[in-house]
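Scroll down for the structure; my scribbles are underneath it.
Numbered from 1 within each chain, the chains take letters A, B, ... in sequence-line order.
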There are 2 protein chains.
Amino acid sequence: MPAHDAPFRPVQPVRAYQRVAEQIEDRILGGDLPPGSRLPAERELVNQFAVGRSTVREALRVLQSAGLIRSRPGDPLGAEVLGVTPDNLSSALGRLTRSHLSSLGELVQFRMVLDAESNRLAARLHREADLARMAEQIDRMEALIDVGLHAFSEADALFHQAVAEASRNALLGLCARAVHDAVVDVIKGRIASSDDTRAWMERSVAHHRQVLAAIRERDGERAAALARRALYDYYADHVEEEKRELLAAALEDGSVAGPALR
Amino acid sequence: MPAHDAPFRPVQPVRAYQRVAEQIEDRILGGDLPPGSRLPAERELVNQFAVGRSTVREALRVLQSAGLIRSRPGDPLGAEVLGVTPDNLSSALGRLTRSHLSSLGELVQFRMVLDAESNRLAARLHREADLARMAEQIDRMEALIDVGLHAFSEADALFHQAVAEASRNALLGLCARAVHDAVVDVIKGRIASSDDTRAWMERSVAHHRQVLAAIRERDGERAAALARRALYDYYADHVEEEKRELLAAALEDGSVAGPALR
DNA sequence: GAAATCAACTGGTCTGACCAGCTGTCCGGT
DNA sequence: ACCGGACAGCTGGTCAGACCAGTTGATTTC
């Protein structure tokens, strides 16, 4: 590419709060300021950055809305560093859905894609230790059925995290988690939450055992299809009528080849 | 579920700036305040919300960092409403990568999954008008080869947008775009950018025509495989050595079943 | 009529102040 | 010696007022 094609880039003004936020963000992402550590007090940051307090506060607001830090009034230790979480991913996805740019059906379909792919990769790339972790979480789920839905869901999340680790792609797992949270947020309150929760949990455990078996046998196709089927069965009723057939389209991916294969 | 199981939820204090940000965000996502419209001036918002200016400003900072609005000093029209964009999605993904929670290889693999699925769905669900839009953008790309990489990439993005529309899942397209941006951001500067740009553009056009043909023939499997292959060929050299075999794993998905198939 | 000027905005920043909440210390009662 | 409450000194959250620089459009000037 010729150098004179774009010799100078337009330079846009950089606000003071951006510089402050960038410096702190770099420290957090760079590994200084690990999760759990504390930022100096705002008035101290004012000294270190040599800016006004409102500037520091706007920078902290940006970092907080990105989920990197959390501050509490009166905390003499300063704002807490949270590290990188998928929280803002899910809030961004939730915004997309709330703005009707995407629908619940699309979110569910997205989860079908992500979970299926996680399972597929896990089936191909897992090691022995991964299987043990997954089995352990399924056992925990089964034991926690009587404790309550919350504890159960926690073990469920850990199972999926184990699958994500086995797939050797943390990003897929994080995004799946974010989409899951967004779905829960959208569907919240609309769920029947009837007293068949227990039956559902038992079915869920059985489903997870099937997935684990497929992964253990390195049958990625079956593991993927199981994830798609479970999500479809669980969410299809909540999805808008006209979107349901689209979901069904994702359901058949991979298991049956397209009509005009080659 | 028994009502007395959790009779009261812990109530956490809601900051004033949050309330302000929520109100504005709801208006934007709800459809009042469409993209392109303007917010009142800060000092006017101070009157309407009955809070201090710093509170209003922190709320606006949050909205701005979420990509919902953009403000410019001296603009007598007030902050501009941008609507929902995938920008914060891609910045969130970029943060994940920069923090070494995920790697370039995972990003590329993620793109392979998303693009492949978009293509697959587009092959299954497209209508005639979709095909026309895609063909039009490919022609534009070809015409813009001589104009420059920037214009070319723009047409390329429009092609993928057309595919996303055909897939009837806007979310997939938006996320694919976000991941694309994150990849570009990570790889920026590291790319050779040699003078074979023109050759690459020509190959790219040919690749897109192949994809379009596969979609037109409703061969979702082939369309998906084409996307995976193109991404792999283009990015494999930039991916960390130890991650490359993982990419290859994604490459074979769907086209060849896992080694232990049934 | 075109160009320079200027007044009235805007957002960005700083300062200083006050409030409410948290925490460790210190003091008095047991 | 121990324990519990008051309190001082911090924290972050909010507000008010000020100033600056940039934008804009009307006004003046040539």
**Request:** With rounding to the nearest 0.5 Å, note down the distance linking CZ in A:F110 to CG in A:L231.
**Result:**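 If we round to the nearest 0.5 Å, A:F110:CZ and A:L231:CG are 13.0 Å apart.
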**Message:** Is the shortest side-chain heavy-atom distance between B:H160 and B:R177 below 4.5 Å?
**Reply:** no
**Message:** One character per nucleotide, please: for nucleotides 12-22 of chain D, 5' to 3', B when the base has a protein heavy atom closer than 4.0 Å, S when only the sugar-phosphate does, - otherwise.
**Reply:** BBBB--BB--B
**Request:** Take B:L60 and B:L39 through the test side-chain contact (heavy atoms from CB on, under 4.5 Å) and record every step on the way to the result.
**Result:** CA-CA 10 Å; B:L60 294 181; B:L39 256 48; 3.9 Å; yes
**Message:** Within a 6.0 Å radius of atom CZ on A:R15, are there more than 12 heavy atoms belonging to other residues, nucleotides or ligands?
**Reply:**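 Counting neighbours around CZ of A:R15, more than 12 heavy atoms of other residues, nucleotides or ligands fall under 6.0 Å, so yes.
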**Request:** Grab the CG-P distance between A:L45 and C:dT13 for me, whole Å please.
**Result:** 16 Å
**Side-chain H-bond candidate by donor/acceptor type, B:E44 with B:Q48, under 3.5 Å** =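 A donor-acceptor contact under 3.5 Å links the two side chains.
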